[in-house]
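I have placed the structure first, in the form of structure tokens, so that the comments after it can refer back to it.
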2 protein chains.
Amino acid sequence: MGKCEQCIIKQFNSLKSLTKDELVRISNCKTSYTIKKGTVIFEEGDAVNGVYCVKDGICKLSKLSENGKDQIVKMVVKGQLLGQRSLISDENSNLQATALNDMEVCFIPKSEIIMDLQKNPKFSFDVLKDMAHDLREADDIIVNMAQKSVRQRLAEALIYIHDSFGVNPDGTLSVLLSREDFANIVGTATESAIRVLSQFKKEGLISTIGKQIKIESLDGLKRIE
Amino acid sequence: MGKCEQCIIKQFNSLKSLTKDELVRISNCKTSYTIKKGTVIFEEGDAVNGVYCVKDGICKLSKLSENGKDQIVKMVVKGQLLGQRSLISDENSNLQATALNDMEVCFIPKSEIIMDLQKNPKFSFDVLKDMAHDLREADDIIVNMAQKSVRQRLAEALIYIHDSFGVNPDGTLSVLLSREDFANIVGTATESAIRVLSQFKKEGLISTIGKQIKIESLDGLKRIE
DNA sequence: AATAAAACATGACAATTATCATATTAAAAC
DNA sequence: GTTTTAATATGATAATTGTCATGTTTTATT
């Protein structure tokens, strides 16, 4: 099994602020495993007793609403930490995490991380920065949900996914989502999301190869009012 | 001028985790003043170079959207800290803060707080918890915005304001908001907010005395589907 | 107190979005 | 390879919400 001290993934998240000794300690109690596409990693209401360091793959964080829809609030990709918040607030999770790909993760038990949070101010300040960033992102999402049309929100979702998670060699978005997932990101009915995507296709803003989506005109999408 | 060490307000926020020495130091460099209703405390894009400890009054945190509307993201009341996030992320504010009442605040310069964040793990863990809580709240707002009707959202906003900020002796909500503010919390047109409130009134769920709103049936509001 | 300016209210209508029905296509199971 | 199932697609229609017009009330100003 790999060692945290030597793991390159940690460069991309707060774990980089841990000392060598701390990393060695964590390395000894972590469990590293793979999660199959579609697996629910934790559910709403679950006690999440640790943090997942995502070595590969992507998962979605979503919340079930009363009308049966599953609003996607955030996506966590390679390099990021999953389950930070529940850990800190000492409450059960308010979100469900589901793997969108096959994932490779390391699970670090809560007790270890809490210890470091309490002893290493640099680490805890780093986590704080991460969280401040998430909060800022959440504010933007609130404003978008409240003030923009489905068409605008979907265009922005495509741009976001393109810019944040990148594209395959053939130019298609590297994160493969169902139309339902898109609807759940944007907060609309699946049919509406499908309709808008079809429209984008007609307008030449995107093209599709099966489920895969390729952005043909990033500028065009950005210009949508 | 009052001393932080003796201030009861700090009980309600993270400052309670500071040591006596730290509080004395902060007390010596804080400035305490009043802010008139309607004053913009800081704007989007401003560098917020400190934290406000709210001793009395309420303010709203909002973000301007492209269509000219001003989405309210959060309200900060007596006892809470204002400007935490911008402080931590070292970025300019993404939100505007506007006083809804006359406010009494203490302003603590950034450098002092950052020093404590880096030296007092208990304090920084407390701020972390606060932020985790805000994030959870933000998630809930996203889901509500995305999945619920204006009617439902407005009912929930009324319940939230009632439960979080309390009522006057005559039973009216203690936070006095314009219809436009309600619209900006719920993320709808002012006319729509007015219409829904009128409807609630007709249904006997609320009553009004001028701008003041009194909730007549909390259960009725909760039952709205 | 008279006037001006906001804020509140409501109607009429348009635009957006959801829902239901029903094809069509793609993927999974046998 | 065929059957079954799930995902995608599109039309028709209803429900929700936004916009514009206009009137009324409240609040502020002189």
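In what follows, chains are A, B, ... by sequence order, proteins preceding strands, each numbered from 1. Excluded from the calculations below are hydrogen atoms, water molecules and symmetry mates; all remaining heavy atoms, backbone and side chain alike, are included.
- Nucleic acid contact for Lys201(A): none, since no nucleic acid atom lies under 4.0 Å from a heavy atom of the residue.
- Of the two residues contacting DNA chain C, namely Gly210(A) and Gly187(A), the nearest-nucleotide position lying further toward the 5' end is that of Gly187(A).
- Under 4.0 angstrom from either OP1 or OP2 of dT8(D) there lies no side-chain N or O belonging to Ser198(A).
- Among the nucleotides dT17(C), dG18(D), dA9(D), the one closest to any side-chain atom of Ser149(A) is dT17(C).
- For the pair Gln212(A) and Asn168(A), the minimum side-chain heavy-atom distance is below 4.5 Å.
- Checking the phosphate oxygens (OP1, OP2) of dT16(D), no side-chain nitrogen or oxygen of Arg151(B) falls inside 4.0 Å.
- For dG18(D), one of the phosphate oxygens OP1 or OP2 lies less than 4.0 angstrom from a side-chain nitrogen or oxygen of Ser192(B).
- Separating the CD1 atom of Ile194(B) from the P atom of dC20(D) is a distance of 16 Å, rounded to the nearest angstrom.
- At dA7(C), none of the side-chain N or O atoms of Ser178(B) fall inside 4.0 Å of OP1 or OP2 (strictly under the cut-off).
- Taking 4.5 Å as the limit, every side-chain heavy atom of Ser62(B) sits out of range of all side-chain heavy atoms of Asn184(B).
- Counting any heavy atom pair closer than 4.0 Å across all strands shown, Thr190(A) reaches no nucleic acid atom.
- To the nearest angstrom, P of dA26(C) lies 15 Å from CG of Leu176(A).
- Defined by atom type and a distance below 3.5 Å, a donor-acceptor pair is missing between the side-chain atoms of Lys148(A) and Ser65(B).
- One distance of note links CZ of Arg179(A) with NZ of Lys211(A); it measures 8.0 Å at 0.5 Å rounding.
- The distance from atom CD of Glu191(A) to atom P of dA12(D) is 16 Å, rounded to the nearest whole Å.
- Atom pair Arg195(A):CZ and dA12(D):P shows a separation of 11 Å (rounding to whole Å applied).
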> When you look at Glu203(A) and Arg151(A), which way does the salt bridge (charged side-chain N to carboxylate O under 4.0 Å, His left out) test go after all the steps?
Replying inline: CA-CA 13 Å; Glu203(A) 295 170 27; Arg151(A) 191 174 152 81; 3.0 Å; yes
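- In this structure, the CD1 atom of Ile206(B) is 13 Å from the P atom of dC8(C), given to the nearest Å.
- The CD atom of Gln152(B) sits 13 Å away from the P atom of dA18(C) (whole-angstrom rounding).
- Nearest to the side chain of Val150(A), among dT17(D), dT17(C), dC8(C), sits dT17(C).
- Taking 4.0 angstrom as the limit, Lys211(A) places none of its side-chain polar atoms (N or O) nearer than this to OP1 or OP2 of dA9(D).
- Leu177(B) places its CG atom 13 Å from the P atom of dA7(C), with the value rounded to the nearest Å.
- Using a 4.0 Å cut-off, no side-chain N or O of Lys148(B) falls inside it from OP1 or OP2 of dT17(D).
- Here the C1' atom of nucleotide dT25(C) and the CD1 atom of Ile209(A) are 17 Å apart, to the nearest Å.
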